[in-house]
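A short worksheet on the structure shown next.
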Amino acid sequence: MSEPKELSPSFEPVAQDATDLPEGWLQVQSMDLDAQGVARKPDGKVVFIDGALPSELVTANTHRKKNNWEQASLVAIHRESSQRVRPGCQHFGLHAGACGGCKMQHLHVGAQVAVKQRVLEDNLWHLGKVKAETVMRPIEGPAWGYRFRARLAVRHVIKKGQVLVGFHERKSRYIADMQTCKILPPHVDAMLMPLRALIASMDARDTCPQIELACGDSVTAMVLRHLEPLSADDITRLRAFGTEHGVQWWLQPKGPDTVKLLDEGGEQLSYALPDFGITMPFKPTDFTQVNPHINQVLVTRALRLLDVKPHERVIDWFCGLGNFTLPLATQAREVLGIEGSEALVARSRENYALNQTLARDQKALAATNFVARNLFEMTPEMLVADGTADKWLVDPPREGAFALAKALADIEQARIGAEGAGPLPAGAEGWTPPKRIVYVSCNPATLARDAGLLVHLAGYKCTAAGMVNMFPHTAHVESMAVFERV
């Protein structure tokens, strides 16, 4: 099957009514979260079409049928979308062996943003029955060379006599034969073929399944997962490659806790948040945002929306290594950062101490405490025990912050004496909920679910929401919403 970009659309007049199209033609109405075009057959049955874009007239080949929907692949385009563009990467497409790292390169990046904004608004309304009072301007950045973190699969394919390094093929466990990758930083893109040659030259070529990439502002780190001890010759090869290409090698013989530098010394992996004078050291296996350009804008906008005053106490839920916590500490009276990972809490404390030292000639950071806790098991009692905070910053993983939002809702329902509500937790009489919450989300469905709790049960209104294009050319939707106490 040809790639969509290679199909020649027919511009003959066509019927606009989907029920009056030539037999077998479909009118694509929208795009789903997997970047599939969504059409309906004359009988109303939904068809998801790989490679099709909204407004296009297409024919497609169905390869999976269910009672209410079908899944199909694009065969021909009869009317092409004005937003269809030539993909920027030769490995993108629907052809056999195509890379699965991106799903939307055939759609203009501005249209990608519009689709993701619509996904956010639809999720808020259909799942949470919430409509933001204001739709914020999308946060956008470079469309290429943005991916400073990546997990690259590695495999020595004996039958082909070569080593593959890259992302998996579309809907496949096989690794794509990638010779270039335009979403990686240019200097890393230029390393893909040398990396293949490096692994091919190693004694351990059959026992190195993965390379994890982490780029800081001035350091490029790579974590080599190796299933057997490396030979002295392989260590020499890694050092030579690192010297030639400017790579700081880390080795991972077993789990993430075994990761260590190949050679001690050298510059530390870190990124800066210049708007706040903050430097964030991190280890290559720590969670950090994939797109540093967007992260800087994201943090700045989140704090502007939170509008923290010097006398206020703030809680940063799911604080990670302090990406929001330390900037908050430049504005607030007191900050509490809470995170599920003990390792990240330890890193947060180290980063706080470092930045407190760096701030000696400037304003010192506010008193800040970090706590490790399972935030998926929050209760109203635990929430009250954390004390009153004027503002909250919430930045959960894909699972969202349901337990946190429910605990807040349960306290409000108990306070107003709602039917079926539990008792008010001990000490809650003097506890007050935050006046404002800024919620940063990487999953619009869980954001919508939590927003429904905050708005309908916890006493908040959603004053603003907008999408963040953290991952251009993918279907991943990052977003931000603001909740005000009514």
Side-chain angles (χ1 to χ4, degrees), residues 1-42 46-61 70-95 98-123 135-146 170 182-183 444 466-479:
M1 181 174 61
S2 300
E3 293 184 51
K5 67 182 178 63
E6 295 174 349
L7 300 175
S8 300
S10 165
F11 292 100
E12 60 187 301
V14 295
Q16 297 302 304
D17 186 346
T19 60
D20 192 30
L21 296 174
E23 185 176 355
W25 287 25
L26 295 167
Q27 184 164 20
V28 184
Q29 299 167 348
S30 60
M31 180 175 270
D32 74 356
L33 263 179
D34 287 323
Q36 300 175 115
V38 182
R40 286 186 181 275
K41 288 189 168 182
V46 175
V47 185
F48 298 99
I49 310 167
D50 259 346
L53 296 178
S55 83
E56 291 186 331
L57 294 178
V58 304
T59 49
N61 181 36
E70 295 180 3
Q71 202 153 25
S73 299
L74 188 63
V75 172
I77 303 171
H78 305 290
R79 183 182 67 193
E80 189 177 56
S81 167
S82 61
Q83 299 301 313
R84 182 176 286 276
V85 296
R86 180 176 292 277
C89 177
Q90 67 196 56
H91 302 299
F92 176 84
L94 301 180
H95 57 283
C99 175
C102 295
K103 292 187 175 181
M104 303 175 84
Q105 284 193 24
H106 57 312
L107 180 62
H108 187 279
V109 70
Q112 293 178 27
V113 170
V115 167
K116 293 178 183 183
Q117 180 68 40
R118 180 63 181 271
V119 166
L120 169 62
E121 294 176 46
D122 285 352
N123 273 263
V135 175
M136 294 186 288
R137 182 185 180 90
I139 294 178
E140 301 178 68
W144 304 101
Y146 69 83
R170 284 173 58 93
K182 299 308 178 187
I183 64 170
M467 68 82 56
V468 180
N469 201 20
M470 184 74 75
F471 297 81
H473 311 300
T474 77
H476 184 94
V477 180
E478 192 104 359
S479 56

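For reference, positions follow the sequence shown, starting with 1. Just so you know, these numbers use all the heavy atoms, side chains as well, and skip hydrogens, waters and symmetry mates. Since this is a predicted model, take the numbers as computed values, not measurements.
Residues satisfying the side chain to side chain contact (heavy atoms under 4.5 Å, CB included) criterion with Pro54, sequence neighbours excluded, are Met31. Gln105 is linked by a side chain to side chain donor-acceptor pair (under 3.5 Å) to nothing, counting only residues two or more places apart in sequence or in another chain. Contacts of Val109 classified as side chain to side chain contact (heavy atoms under 4.5 Å, CB included), with partners at least two apart in sequence or in another chain: Gln112, Ala143, Asn469. Scanning for ring pair (Phe, Tyr, Trp, His ring centres under 6.0 Å) contacts around His473 gives Trp144, with sequence neighbours left out. Every residue meeting the side chain to side chain contact (heavy atoms under 4.5 Å, CB included) condition with Gln83, not counting sequence neighbours, appears here in chain and number order: Ser81, Leu107, His108, Ala111. With sequence neighbours excluded, no residue satisfies salt bridge (charged side-chain N to carboxylate O under 4.0 Å, His left out) with Glu478.
Here Arg79 contributes atom CZ and Leu53 contributes atom CG; the two are 12.0 Å apart, rounded to the nearest 0.5 Å. Summarising the geometry, atom OG belonging to Ser55 is positioned 8.0 Å from atom CD belonging to Gln27; distances are rounded to the nearest 0.5 Å. Taking CZ of Arg40 as the start and CG of Leu26 as the end, the distance is 12.0 Å to the nearest 0.5 Å. Annotation: the span from Leu74 atom CG to Asn61 atom CG amounts to 10.5 Å, rounded to 0.5 Å.
Between Thr474 and Met104, the closest heavy-atom pair is O-SD, 3.1 Å. In plain terms, the two heavy atoms of Ala72 and Val47 that are nearest each other are CB-CG1, 3.9 Å. In this structure, Asn123 and Pro444 approach most closely via the heavy-atom pair CB-O, 3.7 Å. Scanning both residues, Val28 and Ala52, for their nearest heavy atoms gives CG2-CB, 3.8 Å. Between Leu94 and Gly51 the shortest heavy-atom distance is CD1-CA, 3.9 Å.
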> Is there a side chain to side chain contact (heavy atoms under 4.5 Å, CB included) between Asp50 and Gln36 once you walk through the steps?
Replying inline: CA-CA 5 Å; Asp50 259 346; Gln36 300 175 115; 3.5 Å; yes
> Hey, mind stepping through Cys102 and Ile183 against side chain to side chain contact (heavy atoms under 4.5 Å, CB included) and telling me if it holds?
Replying inline: CA-CA 9 Å; Cys102 295; Ile183 64 170; 3.9 Å; yes
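Tyr146 places a side-chain N or O within donor-acceptor distance of the main-chain N or O of Pro472, the cut-off being under 3.5 Å.
Here salt bridge (Lys or Arg N to Asp or Glu O under 4.0 Å) pairs that include residues 103-121, with residues two or more places apart or in two chains, are Asp34-Lys103, Arg118-Asp122.
Under the 4.5 Å side-chain criterion, counting only non-hydrogen atoms from C-beta, Phe48 is in contact with Val38. Side-chain contact between Ile49 and Glu56: absent, with no pair of heavy atoms (C-beta onward) separated by less than 4.5 Å.
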